[in-house]
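Notes follow once the structure below has been shown.
This one's a predicted model, so the numbers in the text were calculated from it and none came from an experiment. When a ligand or atom number is given, it counts from 1 through the structure's own listing order. Start at 1 with the first residue, then count along the sequence.
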Amino acid sequence: MKKYLILLLLAPLLSLAQSQNRPNIIFIFSDDHAYQAIGAYGNKIAKTPSLDRLAREGALFKNSFVTNSICGPSRATLLTGKYSHMNGYKRNDRTLFDTDQVLFSKELQKNGYQTAWVGKMHLNSLPVGFDYWNILPGQGHYFNPDFISQPNDTTRYSGYVSDLVTQFATEWLEKRDKEKPFFMIVGHKATHREWSPALEDLGAYDNIDFPIPSNFYDNYEGREAARQQDMTVDKTMRMREDLKMDADYEKGWLYGRMNAEQKKTYKAYYDKINADLKAKNLTGKALVEWKLKRYLKDYYATANGLDRNIGKLLDYLDKSGLTKNTVVIYSSDQGFYLGEHGWFDKRFIYEQSMKTPFIIRYPDVVKPGTTVEQMILNIDWAPTVLDIAGAKVPSVMQGVSVLPLLKAPQAAKVPWRKEAYYHYYEFPQPHHVYPHFGVRTDRYKLAYFYGGVDRWELFDLEKDPDEMANIYGQKGTEALTKQLKASLKKLMTEYKDEEALKILALARM
Ligand code: CA
């Protein structure tokens with residue numbers, strides 16, 4: 001009896017101890033941040049010391065992919081662990097995100113976690129399954145942005161968005177219930193278009209002569225969908241809004257809300273560049289290359305502010321003693337083109353947009369400096385977070401936890417997917433990228449573009465990493481093509497993509 005009483009008295013303490021042992025999780029989620037612009041991913045120009053630190057202290061996934069390379073849908077996949085056709089959020093338009101479905105945030109709450117979303121969300125809805133939130137409306141603004149806080153109040157704050165997101169994140173960490181483990185998404189607007197750097201980062205890369213990607217002057221031969229897109233640096237990128245030449249600082253949507261000091265600093269910086277450009281009177285190739293380099297300077301400088309803020313958050317974790325028991329994940333909602341194929345933006349199944357950075361620091365579990373080769377997908381993010389939290393992964397989620405890949409020495413032997421399935425939808429606006437689906441293996445990629453263009457593409461990533469030579473239909477590829485088509489059909493069936501199965505059945509061969 002006595003023993004029983006003691007146990008009864010100890011029970012709440014034991015469960016408290018258990019919950020305190022469960023790790024906290026911070027998911028830092030940027031927007032359009034290309035893996036190829038990160039030092040840890042091999043970039044020699046980018047200054048990304050905080051992300052490099054995270055990779056050095058944790059694990060870097062070399063083959064992390066999204067299943068539909070576009071903002072809103074990737075965010076819906078983050079929450080649901082499901083493909084777009086299963087969670088209902090296929091396009092970035094005014095689709096309403098169905099928050100009644102199973103979301104990992106609700107599962108975390110059921111398992112005793114405190115949950116928060118700070119910063120960019122971009123799902124046309126308010127957060128569900130989060131105890132606290134303070135989010136940007138839609139795309140949000142770089143300068144003096146509005147934030148929507150509970151229950152639905154909009155407040156405008158002075159300052160730069162990446163700084164404010166970090167400030168609100170650390171403020172919540174200060175005031176959270178310290179008896180419970182927490183999960184927090186830190187959603188960054190950077191490095192989304194129009195790549196507006198913080199005042200202190202203007203010109204950070206002005207002395208760099210950015211190399212022109214080898215396939216910048218792609219003629220899209222044999223790739224009809226690529227030929228018909230509208231996302232080139234040459235024709236689509238706007239001088240005024242994107243590159244800030246003669247920007248409207250008075251009533252423009254972008255910079256009209258800047259305060260006097262911000263306007264003055266921006267004007268002083270860009271007016272000089274503008275004057276220089278006018279004096280040079282560039283045309284043709286020289287002008288296109290000027291645009292590309294100007295774009296890259298702004299993009300990289302914007303990423304400096306993002307990285308500095310990630311550093312501030314990591315420093316906060318150090319100072320507050322949270323580092324040891326907090327898992328930090330970094331990813332972006334998809335990749336981005338930095339001039340490859342002549343483009344900016346994303347959408348295509350080609351590597352630079354399908355691939356996205358994924359770094360995880362998990363003290364005492366992940367050996368510092370680990371790199372992972374296996375292909376992971378954004379449907380794996382939700383199951384991974386739940387696995388870290390010790391919660392059950394709901395069967396409706398289509399991904400799997402990536403943790404087994406991190407637990408050496410067995411990691412290399414873990415049975416893992418050999419094929420990744422992709423399906424993109426948004427057409428024709430805004431960039432005229434035909435809908436398409438495809439499969440990627442470690443060496444090959446097969447895609448079918450439909451919706452009018454109706455073409456197959458096949459790439460050998462080993463021989464042609466830039467995806468320039470479509471070898472579909474070439475002699476000698478018959479058996480490979482047959483095998484990849486069978487894989488595609490198998491994946492569509494497994495992931496229940498009924499619409500794709502119908503399109504595939506009617507696809508020209
Ligand atoms: Ca995005």
Side-chain angles (χ1 to χ4, degrees), residues 27-38 41 51 64-80 83-84 87 89-95 97 117-125 127 135-142 145 161-162 165 185-197 229-231 236-237 241-242 254 295-296 298-300 302-303 305-307 309-310 329-340 343-359 377-379 381 422-427 429-431 433:
F27 198 113
I28 306 170
F29 198 42
S30 62
D31 198 329
D32 294 359
H33 193 205
Y35 68 90
Q36 70 272 30
I38 297 173
Y41 276 91
L51 287 174
S64 152
F65 299 100
V66 294
T67 48
N68 179 8
S69 180
I70 187 168
C71 313
S74 181
R75 291 148 192 275
T77 291
L78 162 65
L79 282 167
T80 60
Y83 272 88
S84 305
N87 66 39
Y89 209 91
K90 296 175 178 174
R91 300 172 185 84
N92 248 352
D93 56 18
R94 290 191 199 133
T95 317
F97 178 58
W117 192 319
V118 176
K120 189 165 181 179
M121 180 179 172
H122 195 205
L123 269 173
N124 291 328
S125 61
I135 59 165
L136 295 169
Q139 293 285 7
H141 282 87
Y142 275 108
V161 69
S162 308
V165 166
I185 294 183
V186 180
H188 279 285
K189 174 174 172 64
T191 50
H192 196 275
R193 197 182 188 186
E194 289 73 16
W195 323 291
S196 309
Q229 50 58 48
D230 179 16
M231 50 189 261
T236 318
M237 189 172 276
E241 294 86 349
D242 294 323
L254 287 171
Y295 154 53
L296 293 178
D298 280 354
Y299 183 96
Y300 277 63
T302 305
L306 168 68
D307 189 271
N309 275 284
I310 292 167
I329 297 172
Y330 177 75
S331 193
S332 181
D333 58 352
Q334 21 50 218
F336 213 67
Y337 294 98
L338 301 175
E340 301 88 355
W343 299 337
F344 66 102
D345 211 72
K346 49 251 180 182
R347 300 163 198 278
F348 279 99
I349 192 172
Y350 308 134
E351 290 293 270
Q352 289 81 11
S353 48
M354 186 183 179
K355 193 179 277 193
T356 200
F358 191 89
I359 302 170
L377 300 172
N378 57 347
I379 51 170
W381 296 345
Y422 184 86
H423 195 167
Y424 168 83
Y425 302 86
E426 191 169 272
F427 180 79
Q429 295 302 330
H431 288 293
V433 174

(message) Exactly one of D32, T356, N68 should register a side-chain hydrogen bond (donor to acceptor under 3.5 Å, both in side chains) with Q334. Which one does?
(response)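 Result for side-chain hydrogen bond (donor to acceptor under 3.5 Å, both in side chains) with Q334: D32.
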
(request) Please indicate how many protein N/O/S atoms are found closer than 3.0 Å to the Ca ion (ligand 1), with waters neither displayed nor included. (result)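 There are 6 of them.
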
(message) For a quick check under 3.5 Å, do Y299 and T191 share a side-chain donor-acceptor pair by atom type?
(response)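 Per modelled atom types, Y299 and T191 side chains form a pair under 3.5 Å.
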
(request) Determine, step by step, whether S30 and Y330 satisfy the side chain to side chain donor-acceptor pair (under 3.5 Å) criterion, reporting the C-alpha distance in whole Å, the side-chain angles of both residues, the deciding distance to 0.1 Å, and the verdict. (result) CA-CA 8 Å; S30 62; Y330 177 75; 2.6 Å; yes

(request) For the residue pair H423 and Y425, categorise the inter-ring angle as parallel (less than 30°), tilted (30 to 60°) or perpendicular (more than 60°). (result)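 The arrangement is parallel - the two ring planes meet at less than 30°.
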
(message) So does Y295 get a backbone contact from the side chain of D242, meaning a donor-acceptor N/O pair under 3.5 Å?
(response)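 Absent.
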
(message) Please enumerate all residues that pass salt bridge (Lys or Arg N to Asp or Glu O under 4.0 Å) together with E194, with sequence neighbours excluded.
(response)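 With neighbours one apart ignored, the set is R238.
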
